[in-house]
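Numbered from 1 within each chain, the chains take letters A, B, ... in sequence-line order.
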Amino acid sequence: MLVYRRGKRLKGSGFTLVFVGNELSGSRLGISVHRVIKGAVRRNRIKRLIREVFRLRRDLFPQQCDIVVTVSPDFRFTSTGSLQTAVADLVCPGISCRHEV
RNA sequence: UGGGGCGGGCGCAUGAUCGCUCCGGCCCGCGGCCGGGGAGGAAAGUCCGAACACCACAGGGCACGGUGGUUCGUAACGCGAACUCCGGGUAACCGGGGGAAAGUGCCACAGAAAAUACACCGCCGAUGAGCCGCUUCCGGGCGGAAACAGGCAAGGUUGAAAUGGCGAGGUAAGAGCUCACCGCUUCCAUGGUGACAUGGAAGGCAGGGUAAACCCCACCGGGUGCAAGACCAAAUAGGGAAACGCUUGAAGGCUGCCCGCCUGAUGUUUCCGGGUAGGUUGCACGAGAUGCCGGGCGACCGGCAUCCCAGAUAAAUGAUCAUGGUCUGCGUAUGCGGAAACAGAAUUCGGCUUACAGCCCGCCCCAUUUU
RNA sequence: GCGCCAGUAGCUCAGCAGGACAGAGCAGGAGCCUUCUAAGCUCAAGGCCGGGGGUUCGAGUCCCUCCUGGCGCG
């Protein structure tokens, strides 16, 4: 709730990144996949992909933040590679935003 | 070889690296190390049946709901097996199953008529009465028309469905009125645990459809569901309003209702306001799995041995790379590229139903060819 | 997870226990009225009743099954 109220939003194709700074030593990740995406298999698949990108390339994400990834129904990524480049394209201008916070 | 029917199985494999989660052990202070386990045939839909838990262990009556050939199997079932009858198919095989002579309702349109076999159109007019003609031994006889009484149910363009079918005899015309065959009903005998089958005799036609309409018969069903339930901890408040009631009894347990039973008094219910929405358990050894042997036509059952095989809580079971296999596009080929379904446990089992790329195995039927 | 409801015209709903009853209102279309618009009046169009099987002579209605949407719980 706090993240949604105070967080910065970065809108990508198929998902939205919401984040806010915290007082902890590291970042925390939350994933929100709406029920309009049909089938538990597809929803689980999306969550696993996002979690995997977060694990492998934590440097791409904002540091020391609570991050929520909200997935839209038009989410089309099927491999970690394509999702990773999409996150990188989204966050690279996003780093400058973080400095303004 | 082609086409078809039925049943069963698999549903990518192996290795490396980095992660997630549970269990056991160790250092035992956070945390880390080692070893092991980690989605499915449907985990799905939630359509049935149970286990388990609570509700006075649930008593009686009426409702209500479900099932429906028979006999087995099963903890139980609306599931399965075998058999039986009916329907479809050349066949393998597939689909269906109580009662319509206990009663009630409905059957549009069309049609004479839709359940009572009557009326209507119609057929006959032998018999009885009357009319006309011919004849006469004056008693009557023969022929004709009409259709009064009367007889009849053969035929009647319909419709989904029309009151046994067909043939012969019979008659004035006809009719199970009579007969043969078929169908039907009843009875008897034989076989079978039984549904039922086979054979015989008699009756002389009684019978429309619809019970996935009400209903009748037989059997079954108390209700609610793991957010059931049990325990621990924390927090806030013993707040305000309304209704009913304080032993002639509110309200609740307990399902739809009634009876009966139990609980029951600064109480119960509803609304407003406020707080917590954590942990443990239920919860992973079970109608359990695998193999062998035995019984049974089969579903299935019995015995022995071995094994322990997911337990998450916003929810783990993943990612990358390599090699190999399957299918497929291009190419003579080495090869290069692509694809891989349906779908994700949440208290647990037994079924049913639905979804499913590709592939494998077995049995059977039909047609064709060769011997 | 468990337990329940609903689906009919573009929208909101009727449709009794199965038969020419597939209907009402609004919206949209055409015409009349008016100098024009609104209101009013008249007219027609619009539906395989969520999909597929079955029962029946006949199904929007009865039975089964699937799909879609919605609701409740401690």
Side-chain angles (χ1 to χ4, degrees):
Chain A
M1 298 272 277
L2 195 79
V3 175
Y4 278 123
R5 208 175 297 134
R6 304 237 181 105
K8 291 276 176 185
R9 281 158 203 274
L10 292 173
K11 202 160 190 174
S13 64
F15 63 95
T16 307
L17 222 76
V18 188
F19 63 94
V20 70
N22 63 6
E23 276 75 47
L24 302 168
S25 59
S27 293
R28 293 190 294 186
L29 179 70
I31 304 164
S32 168
V33 187
H34 197 262
R35 275 256 303 275
V36 293
I37 296 169
K38 284 289 158 187
V41 174
R42 276 198 64 198
R43 286 199 297 275
N44 276 340
R45 175 84 187 148
I46 289 164
K47 282 188 271 186
R48 281 164 188 161
L49 284 172
I50 293 166
R51 214 176 283 139
E52 193 64 21
V53 171
F54 181 74
R55 185 177 73 82
L56 291 170
R57 300 297 306 276
R58 195 163 293 195
D59 54 292
L60 286 175
F61 289 86
Q63 302 296 307
Q64 287 190 12
C65 283
D66 286 339
I67 303 156
V68 174
V69 180
T70 306
V71 177
S72 314
D74 58 336
F75 191 89
R76 295 247 179 275
F77 304 102
T78 51
S79 71
T80 52
S82 58
L83 181 65
Q84 193 171 306
T85 55
V87 170
D89 292 347
L90 185 64
V91 179
C92 277
I95 290 166
S96 60
C97 286
R98 197 181 67 84
H99 286 302
E100 291 167 17
V101 171

Discussion item. Side chain of A/R55, heavy atoms from C-beta onward: which of B/C18, B/A319, B/A345 has the nearest atom to it?
Written reply: B/C18
Worksheet item: Looking only at atom P, what distance separates B/C271 and B/G252, rounded to whole Å?
Response: 14 Å
Item to complete: Write down the distance separating the C1' atoms in B/C184 and B/G164, rounded off to the nearest Å.
Response: 8 Å
Fill in: Over all atoms of both residues, closest heavy-atom pair of A/R43 and A/V33
CG-CG1, 3.8 Å
Worksheet item: Taking A/R45 for the side chain and A/T78 for the main chain, is one N or O donor matched with an acceptor at less than 3.5 Å?
Response: yes
Worksheet item: For B/U317, does either OP1 or OP2 sit under 4.0 Å from a side-chain N or O belonging to A/R48?
Response: yes
Response to the item:
With syn meaning chi within 90° of zero and anything else anti, the base of B/G176 is syn
Worksheet item: Partner of C/A9 by Watson-Crick or G-U wobble geometry, both contacts under 3.5 Å, or none?
Response: none
Response to the item:
Nearest heavy-atom approach of A/F77 to A/A86 is CZ-CB, 3.6 Å
Worksheet item: What is the distance, rounded to the nearest whole Å, between atom CG of A/L56 and atom P of B/C20?
Response: 12 Å
Worksheet item: Nearest-Å distance, CG (A/L83) to P (B/G318)?
Response: 18 Å
Fill in: Span that lies between the P atom of B/G156 and that of B/U178, in whole angstrom
25 Å
Discussion item. Applying the Watson-Crick and G-U wobble criteria at under 3.5 Å, what pairs with B/G318? Answer none if nothing qualifies.
Written reply: B/C18
Worksheet item: Where does B/C309 fall, syn or anti, if syn means a chi angle no more than 90° from 0?
Response: syn
Worksheet item: Is B/A180 paired to anything, Watson-Crick or G-U wobble with both distances less than 3.5 Å, and if yes, which nucleotide?
Response: none
Worksheet item: Are A/L56 and A/I46 connected in a single hydrophobic cluster, I mean Ile/Leu/Val/Met/Phe/Trp/Tyr linked by side-chain heavy atoms less than 4.5 Å apart?
Response: no
Practice prompt. Using atom CG of A/L49 as one end and atom C1' of B/G318 as the other, report the distance to the nearest whole Å.
Written response: 9 Å
Worksheet entry | B/C26 - base-pair partner by Watson-Crick or wobble geometry, distances under 3.5 Å | B/G32
Fill in: Nucleotide paired to C/G72 in any strand shown, Watson-Crick or G-U, under 3.5 Å
C/C2
Worksheet item: In whole Å, what separates the P atom of B/G199 from that of B/C182?
Response: 11 Å
Discussion item. Looking at every non-hydrogen atom in both residues, tell me the closest pair between A/A88 and A/L60 and how far apart they are.
Written reply: CB-CD2, 3.9 Å
Item to complete: Report the base-pairing partner of B/U224 (Watson-Crick or G-U wobble, both distances below 3.5 angstrom), or none.
Response: B/A53
Discussion item. With a 3.5 Å limit on both atom pairs, tell me what B/C10 is paired to, counting Watson-Crick and G-U wobble, or say none.
Written reply: B/G358
Worksheet entry | Same-atom distance (P) from B/A345 to B/G49, integer angstrom | 24 Å
Worksheet item: Nearest-Å distance, CZ (A/R45) to P (B/A39)?
Response: 17 Å
Worksheet entry | Same-atom distance (P) from C/A9 to C/A24, integer angstrom | 15 Å
Worksheet item: Going through the distances and angles, do A/I67 and A/L17 end up as a side chain to side chain contact (heavy atoms under 4.5 Å, CB included)?
Response: CA-CA 7 Å; A/I67 303 156; A/L17 222 76; 4.2 Å; yes
Worksheet, complete the sentence: Per nearest nucleotide of RNA chain B, the residue lying toward the 5' end, A/V41 or A/I31, is A/I31
Worksheet item: Glycosidic conformation of B/G139, syn or anti, with 90° from 0 as the boundary?
Response: syn
Worksheet item: To the nearest angstrom, how far is A/R51 atom CZ from B/U317 atom C1'?
Response: 11 Å
Practice prompt. To the nearest Å, give me how far apart CD1 (A/I46) and P (B/A316) are.
Written response: 14 Å
Worksheet entry | Contact summary for A/L49 and A/T80, nearest pair of heavy atoms | CD2-CG2, 3.7 Å
Fill in: Distance between C1' atoms of B/G325 and B/A13 (Å, rounded)
8 Å
Worksheet entry | Nucleotide paired to B/G199 in any strand shown, Watson-Crick or G-U, under 3.5 Å | B/C188
Practice prompt. Identify which nucleotide among B/A345, B/G318, B/A315 has an atom closest to any side-chain atom of A/A40, counting heavy atoms from C-beta outward.
Written response: B/A345
Fill in: For B/G41, glycosidic torsion class - syn if within 90° of 0, otherwise anti
syn
Worksheet entry | Upstream residue (5' side of RNA chain B) when A/E52 and A/G39 are each assigned their closest nucleotide | A/E52
Practice prompt. Report the residue from A/R9, A/K8, A/K11 that forms a side-chain contact (heavy atoms from CB on, under 4.5 Å) with A/V18.
Written response: A/R9
Item to complete: Using whole Å, report how far NZ of A/K47 lies from C1' of B/A319.
Response: 17 Å
Item to complete: Determine if the base of B/U317 is syn or anti; take syn to mean the glycosidic torsion is within 90° of 0.
Response: anti
Discussion item. Quick check on B/U320: is either OP1 or OP2 less than 4.0 Å from any side-chain nitrogen or oxygen of A/T80?
Written reply: yes
Worksheet item: Taking atom C1' of B/A319 as reference, at what distance in whole Å does atom CZ of A/R58 sit?
Response: 15 Å
Worksheet entry | Separation between the P atoms of B/G344 and B/C356, rounded to whole Å | 14 Å
